[in-house]
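Position 1 is the first residue of the sequence, and the numbers go up from there.
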Amino acid sequence: MVQNGRVRTSPGGSALFTSCAAAYLGSKVGIIGTIGEDYPPKILKRLKTLHIDIHFLRETPRPSTRFQITRNNGSRKLRLIEPGSHVVAPRSTGRFQGAHLGPVFHEIQSSLITTLRKRCEFLSADLQGFIRTISANGAVRTVPRSLSRLIGQCDMVQASIEEARSQIGSRDPRVILNRFLTMQAEYAIVTMGEKGSWLGSQHDGTYFVPPFSDHSIRDSTGAGDVFAGSWLSTYLSTKDPVWASSVGSAFASLASRRTGLSKFGLSRRELLRRAGWVYNRVKAFEIMRDLGRSNE
């Protein structure tokens with residue numbers, strides 16, 4: 001992390017933030033992934049104290065995945081330093097209620113997705129790591145990919161508005177949701193940072209979920225991952241996608257007040273207060289099935 005000339009190193013990544021959010025809400029969570037021999041042991045110990053099972057983390061001789069995030073005057077630039085290794089499915093994990101695909105740079109291959117789909121009841125995915133590429137200097141950008149097979153295997157798919165625009169070619173969140181839903185995902189979510197998020201459902205219409213404004217934002221890194229983890233955990237326990245989105249919005253705002261794993265040292269009472277505030281301000285819209293087709 002480089003900001004205003006200062007440099008600091010912090011644990012991150014979708015698997016970490018998503019898992020910590022779900023575990024905080026009471027889910028029994030494990031991480032399937034890879035780390036290098038350089039990964040700090042103290043972080044692994046901290047994950048254990050947060051009740052996260054790291055039994056399926058595989059250590060490889062290659063360095064751990066690393067990014068450089070540079071913030072300057074409101075802008076954010078991402079550069080890949082080390083891509084890490086592909087994630088390999090453990091031989092035996094048994095079955096589980098839900099799984100979230102959170103790649104950061106193509107570490108999840110189609111064979112793993114197929115395996116996880118067979119082993120879980122509900123599969124969600126964040127598109128970011130599936131659609132990234134890098135320039136000669138390592139700068140990360142998104143490029144259009146064929147996503148229909150991936151999305152068709154998922155029950156919920158999530159993307160930031162910038163990532164979704166790069167794939168759909170539209171700036172309208174409702175058009176984007178419609179396109180994702182036509183690829184057979186049960187739910188689709190488009191996050192927009194300080195502008196809130198949109199939730200689309202195959203059967204229950206479209207919803208605008210407002211943000212919870214917080215003037216104490218310190219580090220929004222991982223906010224989308226926190227949203228995804230808290231959404232999945234809440235949905236699996238309540239089967240209410242709107243309440244799950246409200247909890248996701250509230251959790252993302254609270255977690256952004258801190259950095260690294262300290263993001264999860266927060267007040268449960270304040271989290272529920274914020275989630276209730278968001279839930280009472282959600283706006284519902286009708287399903288607009290022809291909206292995406294007319295803009296293709």
Side-chain angles (χ1 to χ4, degrees), residues 1-21 31-47 50 52 54 56-88 100-110 112-113 125-145 158-160 162-163 166-167 191 193 217-229 252 255-256 258-264:
M1 303 285 292
V2 182
Q3 187 168 11
N4 300 324
R6 297 182 179 180
V7 180
R8 63 180 173 85
T9 302
S10 178
S14 182
L16 182 139
F17 290 133
T18 303
S19 298
C20 288
I31 300 177
I32 299 174
T34 59
I35 55 174
E37 296 175 341
D38 58 343
Y39 200 84
K42 66 178 181 179
I43 302 301
L44 298 178
K45 291 180 180 179
R46 177 64 175 142
L47 290 177
L50 294 172
I52 295 173
I54 61 172
F56 295 116
L57 270 180
R58 182 173 64 97
E59 186 176 287
T60 70
R62 293 185 59 177
S64 302
T65 305
R66 286 180 179 269
F67 288 91
Q68 181 188 74
I69 301 174
T70 303
R71 297 182 183 275
N72 187 28
N73 296 326
S75 68
R76 178 180 184 270
K77 295 182 179 180
L78 187 66
R79 186 170 71 89
L80 180 66
I81 299 174
E82 291 288 349
S85 304
H86 287 143
V87 178
V88 178
H100 179 72
L101 305 172
V104 291
F105 196 77
H106 302 288
E107 66 271 35
I108 295 180
Q109 299 178 301
S110 59
L112 176 59
I113 299 172
D126 191 310
L127 295 184
Q128 64 173 356
F130 294 105
I131 61 175
R132 285 174 168 172
T133 189
I134 56 172
S135 59
N137 66 351
V140 177
R141 59 188 176 87
T142 59
V143 292
R145 303 284 189 189
Q158 175 178 316
S160 70
E162 294 83 6
E163 293 160 350
S166 73
Q167 304 305 302
T191 58
I217 298 298
R218 181 180 177 188
D219 179 15
S220 60
T221 302
D225 302 318
V226 169
F227 187 108
S256 296
R258 300 186 180 188
T259 63
L261 290 177
S262 67
K263 289 176 178 289
F264 302 98

Write down the atom of F67, the atom of R132, and the distance for their closest heavy-atom approach. CZ-NH1, 3.9 Å
How about CZ on R6, more than 12 heavy atoms from neighbouring residues, nucleotides or ligands closer than 6.0 Å, or not? no
Could you tell me the separation between the CG atom of L47 and the CG atom of L57, rounded to the nearest 0.5 Å? 8.0 Å
Under 3.5 Å, is there a donor-acceptor pair between the side chain of H86 and the main chain of Q109? no
Test L261 against I43 for side chain to side chain contact (heavy atoms under 4.5 Å, CB included), laying out the working first. CA-CA 9 Å; L261 290 177; I43 302 301; 4.2 Å; yes
For the residue pair E59 and T34, establish whether any side-chain heavy-atom pair is separated by less than 4.5 Å. no
Do you know which two heavy atoms are closest between E107 and S85, and how far apart they sit? CB-O, 3.5 Å
Donor-acceptor pair, Q158 side chain versus D225 backbone, under 3.5 Å? no
Would you say the side-chain atoms of D126 and S14 include a donor-acceptor pair closer than 3.5 Å? no
Between R141 and the options I134, T133, L78, I131, the side-chain contact (heavy atoms from CB on, under 4.5 Å) test singles out T133
Is any side-chain heavy atom of K42 closer than 4.5 Å to a side-chain heavy atom of P11? no
Short side-chain to backbone donor-acceptor contact, K263 and V226, under 3.5 Å: no
Applying salt bridge (charged side-chain N to carboxylate O under 4.0 Å, His left out) to R8 and D219, what does each step give before you reach the verdict? CA-CA 12 Å; R8 63 180 173 85; D219 179 15; 3.4 Å; yes
Between E163 and S160, do the side chains contain an N or O donor and an N or O acceptor separated by less than 3.5 Å? yes
Do any N or O atoms from the side chain of N72 and from the backbone of N4 form a donor-acceptor pair under 3.5 angstrom? no
Stepwise side chain to side chain contact (heavy atoms under 4.5 Å, CB included) test for L44 and Y39: CA-CA 8 Å; L44 298 178; Y39 200 84; 3.8 Å; yes
Tightest non-hydrogen contact, residues L127 and A159, listed as CD1-CB, 4.0 Å
Given side chains that start at C-beta, do those of P83 and R62 come closer than 4.5 Å, heavy atoms only? yes
Is a side-chain donor or acceptor of S64 paired with a backbone partner of G36 at a separation under 3.5 angstrom? yes
Would you give the length of the straight line joining atom CD of Q68 to atom OG1 of T9, rounded to the nearest 0.5 angstrom? 10.0 Å
Looking at side-chain heavy atoms only, is the closest gap between I31 and I52 below 4.5 Å? yes
Side chain proximity check, I108 to I113, heavy atoms < 4.5 angstrom: yes
When every non-hydrogen atom of A223 is compared with those of A252, the smallest separation belongs to O-CB, 3.7 Å
Just do the side chain to side chain donor-acceptor pair (under 3.5 Å) check on T142 and S166 with the steps written out, would you? CA-CA 7 Å; T142 59; S166 73; 3.3 Å; yes
Please step through side chain to side chain contact (heavy atoms under 4.5 Å, CB included) for the pair T60 and I35, ending with a clear verdict. CA-CA 6 Å; T60 70; I35 55 174; over 6 Å; no
d(M1 CE, T70 OG1) to nearest 0.5 Å is 9.0 Å
Between CZ of F264 and CG of L50, what distance do you get to the nearest 0.5 Å? 8.0 Å
Candidate pair V2 and R71, rule side chain to side chain contact (heavy atoms under 4.5 Å, CB included), full reasoning: CA-CA 6 Å; V2 182; R71 297 182 183 275; over 6 Å; no
Whether over 12 other heavy atoms sit under 6.0 Å from R66 CZ: no
Steps toward side chain to side chain donor-acceptor pair (under 3.5 Å) verdict (S135, R79): CA-CA 9 Å; S135 59; R79 186 170 71 89; over 6 Å; no
Least distance between heavy atoms, F17 atom then G222 atom: CD1-CA, 3.5 Å
Closest non-hydrogen contact found for A228 with H100 is CB-CE1, 3.8 Å
